[in-house]
Participant: 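Sharing a structure below in structure tokens format, with a few things to ask.
Order of the sequence lines sets the chain letters (A, B, ...), proteins ahead of strands, with each chain counted from 1. The shown structure was predicted, so the numbers you read here are calculated from the model rather than taken from an experiment.
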Amino acid sequence: MPELPEVETIRRTLEQHVQGVWIKDVQIYYSSVVKGWEGQEFADVVKGRQITSIERRGKYLLINLDQSWSILAHMRMTGRLIYYPAQYQVAKHTHVVFKLDSGELHFADTRKFGRLQLVPTEHKLEHPSLLKLGPEPLEAEFTPEVLGQSLSRKKVNIKAFLLDQTMVAGLGNIYVDEALFRAGILPERGTQTLTEVEVGKLYSSMRQVLWAGIEAQGTSFRDYRDANGEKGSFQVALQVYGRGQEPCQICGKILERKKLAGRTTVFCTNCQK
DNA sequence: CCTTATGCCTGAATGC
DNA sequence: TGCATTCAGGCATAAG
């Protein structure tokens, strides 16, 4: 499921191929993926425009077209944006095909949760979905003080806090569990029970695990692929996610699996306090 | 304002 | 073997 490192990898791999190219035509095979617009209206607006740049905010991608419109894209769990240098078959779960002046861009999504929507470029960051987002964890705006302030105002467990995109943008179930393990903090801990030292550890762990995820070009646990259709490699570095009932790689104790904040959560009751 | 629950979806894994 | 059930989970929206 594309989280910050995966979406950033898609952004980078996609930009290499499509920056500066023109969209000649758009074909829509499942119109619900387009949010707020009729499929044909979406296609008519996008057709004939040039892709100028691609940005990321949290788990969202912004594909900027000219200076007027941007496509705001979210992959949710199984969404893919894949570039093909030549014409390519419309596969089973392909919902939108952008015909470019060099190659094609396919939006595919098995689960059909992912969405594309058009936003005016001039007001792109004022879109309600983006306005709600908390700070970018890898940017300078995010400091241990900012994290500590947000934690002190909330009354939920740390797992729910880190999944909340309005607190910090970009972490999902995988990187939350990995960051908490690396910080040595139990996911059930209340936000207001963390000491200053623990907040510092959590801050560093979050940034470290997100950077490592980007360097590994993402986690391909199941469906994730970058814009070249390639897998990432961070799944081999996972210490807890997907390892419930396995021995902890640090201390050997069997990892616990529990539903928290509605998500499967894996942790070590020995290494995490 | 806050927190928790539900719907959206398909395919893999599991249960009987 | 085959069919039914459970699980995976980000976000918008509804409900409490």
Participant: Between residues 149-168 of chain A and DNA chain B, which residues have a heavy-atom gap below 4.0 Å?
Facilitator: A:K154, A:K155, A:V156

Participant: Taking side chain as C-beta onward, heavy atoms only, is A:F98 less than 4.5 Å from A:V18?
Facilitator: no

Participant: Would the distance check show the side chain of A:E15 and the main-chain N or O of A:R12 forming a donor-acceptor pair, the cut-off being under 3.5 Å?
Facilitator: no

Participant: Just jot down the ring pair (Phe, Tyr, Trp, His ring centres under 6.0 Å) partners of A:Y175, sequence neighbours excluded, or say none.
Facilitator: A:F234

Participant: Please give the angle, rounded to 10 degrees, between the axes at the start and the end of the helix from B:dC2-C:dG16 to B:dC16-C:dG2, where five pairs define each axis.
Facilitator: 60°

Participant: Sequence neighbours left out, what passes side chain to side chain contact (heavy atoms under 4.5 Å, CB included) with A:L151? Give chain and number order.
Facilitator: A:L147, A:I158, A:F161, A:T191, A:L194, A:V199

Participant: Given side chains that start at C-beta, do those of A:R153 and A:Q149 come closer than 4.5 Å, heavy atoms only?
Facilitator: yes

Participant: Check each residue of residues 260-267 of chain A for a non-hydrogen atom within less than 4.0 Å of any atom in DNA chain C, then write out the ones that pass by number, or none.
Facilitator: A:R263, A:T264

Participant: Remaining members of A:L131's ILVMFWY cluster at a side-chain heavy-atom cut-off under 4.5 Å?
Facilitator: none

Participant: Do any side-chain atoms of residues 21-36 of chain A form donor-acceptor pairs under 3.5 angstrom with protein atoms, and if so which ones, sequence neighbours left out?
Facilitator:
{"from": "A:Q27", "atom 1": "OE1", "to": "A:Y29", "atom 2": "OH", "distance (Å)": "2.9"}

Participant: For residues 62-75 of chain A, please give each side-chain donor-acceptor pair under 3.5 Å, one per line with the distance, not counting sequence neighbours.
Facilitator:
{"from": "A:N64", "atom 1": "OD1", "to": "A:S70", "atom 2": "OG", "distance (Å)": "2.6"}
{"from": "A:N64", "atom 1": "ND2", "to": "A:S53", "atom 2": "OG", "distance (Å)": "2.9"}
{"from": "A:N64", "atom 1": "ND2", "to": "A:E55", "atom 2": "OE1", "distance (Å)": "2.8"}
{"from": "A:D66", "atom 1": "OD1", "to": "A:Q50", "atom 2": "N", "distance (Å)": "3.1"}
{"from": "A:D66", "atom 1": "OD2", "to": "A:R49", "atom 2": "NH1", "distance (Å)": "3.1"}
{"from": "A:S68", "atom 1": "OG", "to": "A:R49", "atom 2": "NH1", "distance (Å)": "2.9"}
{"from": "A:S70", "atom 1": "OG", "to": "A:T121", "atom 2": "OG1", "distance (Å)": "2.9"}
{"from": "A:H74", "atom 1": "ND1", "to": "A:R76", "atom 2": "N", "distance (Å)": "2.9"}

Participant: Within residues 57-65 of chain A, which residues have any heavy atom lying less than 4.0 Å from an atom of DNA chain C?
Facilitator: A:K59, A:Y60

Participant: What N/O pairs connect the protein and nucleotides 9-11 of chain B at under 3.5 Å? Give each pair on its own line.
Facilitator:
{"from": "B:dC9", "atom 1": "OP1", "to": "A:Y30", "atom 2": "OH", "distance (Å)": "3.1"}
{"from": "B:dC9", "atom 1": "O4'", "to": "A:R111", "atom 2": "O", "distance (Å)": "3.3"}
{"from": "B:dC9", "atom 1": "O2", "to": "A:R111", "atom 2": "NE", "distance (Å)": "2.6"}
{"from": "B:dT10", "atom 1": "OP1", "to": "A:K112", "atom 2": "NZ", "distance (Å)": "3.2"}
{"from": "B:dG11", "atom 1": "OP1", "to": "A:K92", "atom 2": "NZ", "distance (Å)": "3.2"}
{"from": "B:dG11", "atom 1": "OP1", "to": "A:H93", "atom 2": "NE2", "distance (Å)": "3.0"}

Participant: Using a heavy-atom cut-off of 4.0 Å to chain A, what are the terminal contacting nucleotides of DNA chain C, in 5' to 3' order?
Facilitator: C:dA8 to C:dA12

Participant: Less than 4.5 Å apart, any side-chain heavy atom of A:D109 and any of A:H95?
Facilitator: yes

Participant: Considering residues at least two apart in sequence or located in another chain, which fulfil the ring pair (Phe, Tyr, Trp, His ring centres under 6.0 Å) criterion with A:Y83?
Facilitator: A:H17

